[in-house]
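Below is one structure, written out as structure tokens; the observations come after it.
In what follows, every chain begins at residue 1, and chains take the letters A, B, ... in the order their sequences are listed. As the structure is a computational prediction, the values presented were derived from the model and not from experiment.
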2 protein chains.
Amino acid sequence: MSTPLESTSLTKRLTDSGLRPTPQREVVFKAILQKRNHPTADEIFARVKAQMPTISLATVYNCLETLVQCGLVRQVNIERAPTRYCPNLHEHAHFHDETTGEIHDIDVPAELLAKLRALLPPGYDASSVELSFRGKAGPETN
Amino acid sequence: MSTPLESTSLTKRLTDSGLRPTPQREVVFKAILQKRNHPTADEIFARVKAQMPTISLATVYNCLETLVQCGLVRQVNIERAPTRYCPNLHEHAHFHDETTGEIHDIDVPAELLAKLRALLPPGYDASSVELSFRGKAGPETN
DNA sequence: AACCATATTAGAACAATTCTAATTCCTACT
DNA sequence: AGTAGGAATTAGAATTGTTCTAATATGGTT
């Protein structure tokens, strides 16, 4: 009973990646599962301190990074880089090139954009839609 | 010749919104148009200082905000709030409720996701796709 | 020309995150 | 079981992008 299902799968994931299963990582993971919302690192820190008062915010960040690496948690707002401004006013998507750090515009047909908006439940009114890709651009030069 | 087309349209937009056309705003706007990429505020600051060495970074931020308000410039990475983590691992979009600040998950059919990926030019390989809406959720409670 | 709201400025403040260096903890090996 | 050694944790400082503050300057209107 000291090893519930959740922690075994966590332990497995960690060891499979050559990482150590530590109490901190377990507690952080459970704190995220606790409520099905989208907590910030600070919120997770608060939840976790209740059970483990000695844990530090830096550790929470470290654990989160580990969990994201293992694919156990997703990061919603990856973009911590500075805000960027663009003069291209018509609706378009962005491709963030991971190797160069550059951002390229991607055209999105209006028809497809409409389909995206149609995903929203009734009553939801989106004032903006942001679509961004992240990855490697091919070697073809221009 | 001291009032090229670009600045007249800028002036018009500003005055239409009850805002003043100032040299700083003009210079910032031109700096963004100068190159068709996605500069950060710092980069714009650097470009601008060449012509107007006395301008301050705060002003650049102010001008950018104004230009975004007027719809002359788009902000790419609006999300300045802290990174959020979510345990929902299958592909989904997010809806940022502007009134409550909450984030709701939106399901995206795999078929539609495939269509989005298909927008990328050949050679582009996206490791992640992020789709987020921003707006007001309806009044229906749950 | 004077007024007054609006803009600009420099620098301090802030918030989220990362870094640093010291300590502690797991795990593997005897 | 004991211990070496690398990995993880910790507290606090540092960093970064952005916003705030309070004083000064400016532009457009009367």
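- In the set dA7(C), dA8(D), dT9(C), the nucleotide with an atom closest to the side chain of Thr59(B) is dT9(C).
- Of the candidates dA16(C), dG12(D), dT9(C), the closest approach to any side-chain atom of Ala58(A) belongs to dG12(D).
- Lys49(A) pairs by the salt bridge (Lys or Arg N to Asp or Glu O under 4.0 Å) definition with nothing, not counting sequence neighbours.
- For Arg47(A) and Glu43(A), the salt-bridge test fails: no basic side-chain N is under 4.0 Å from an acidic carboxylate O.
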Note to self: Strictly under 4.0 angstrom, non-hydrogen atoms only: write out the protein contact profile of nucleotides 24-30 of chain C, one letter per nucleotide from the 5' end, B, S or -.
What the structure shows: -BBS---
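- Nucleic acid contact for Thr66(A): none, since no nucleic acid atom lies under 4.0 Å from a heavy atom of the residue.
- For the pair Ile55(B) CD1 and dT24(D) P, the interatomic distance rounds to 21 Å; values are reported in whole Å.
- The two residues Thr66(B) and Arg25(B) make their nearest non-hydrogen contact at OG1-NH2, 3.6 Å.
- Minimum heavy-atom separation, Leu57(B) to Ala41(B): CD1-O, 4.4 Å.
- Straight-line distance from the CZ atom of Arg25(B) to the C1' atom of dT6(C): 8 Å, rounded to whole Å.
- Residue Phe45(A) contributes atom CZ, which lies 10 Å from atom C1' of dA11(D) at whole-angstrom precision.
- Residues meeting the side-chain hydrogen bond (donor to acceptor under 3.5 Å, both in side chains) test with Thr15(A), sequence neighbours left out: none.
- Take Phe45(B) and apply the ring-ring contact (aromatic ring centres under 6.0 Å, His included) test, not counting sequence neighbours, and it matches no residue.
- Partners of Val129(B) according to the side chain to side chain contact (heavy atoms under 4.5 Å, CB included) rule, which considers only residues two or more places apart in sequence or in another chain, are Leu131(A), Phe133(A), Leu113(B), Arg117(B).
- When rounded to the nearest whole Å, the span between CG of Leu14(A) and P of dA7(D) equals 15 Å.
- Residue contacts for Leu57(B): at a heavy-atom cut-off of 4.0 Å it reaches a base atom on one of the strands shown.
- Between Ile106(B) and His94(B) the shortest heavy-atom distance is CG1-C, 4.4 Å.
- For the OP1/OP2 pair of dT9(D) and a distance below 4.0 Å, the side-chain nitrogens and oxygens of Ser56(A) include no atom meeting the criterion.
- Atoms CD (Gln69(A)) and P (dA7(D)) sit 13 Å apart, rounded to a whole Å.
- With a 4.5 Å cut-off on side-chain heavy atoms, Leu14(A) and Cys70(A) count as touching.
- At least one side-chain heavy atom of Leu119(B) sits under 4.5 Å from a side-chain heavy atom of Pro109(A).
- For the helix from dA1(C)-dT30(D) to dT30(C)-dA1(D), the angle separating the two terminal helix axes comes to 20°, with each axis derived from five pairs and the value rounded to 10°.
- The distance between atom CE of Met52(B) and atom P of dA7(C), rounded to the nearest whole Å, is 15 Å.
- In this structure, the nucleotide among dT17(C), dT9(D), dT8(C) sitting nearest to the side chain of Ala41(A) is dT17(C).
- Between Tyr61(A) and dT17(C), a side-chain N or O to OP1/OP2 separation shorter than 4.0 Å is present.
- Rounding to whole angstrom units, CG of residue Asn62(B) and C1' of dA5(C) are separated by 16 Å.
- Whole-Å rounding puts the Asp42(B) CG to dT19(D) P distance at 13 Å.
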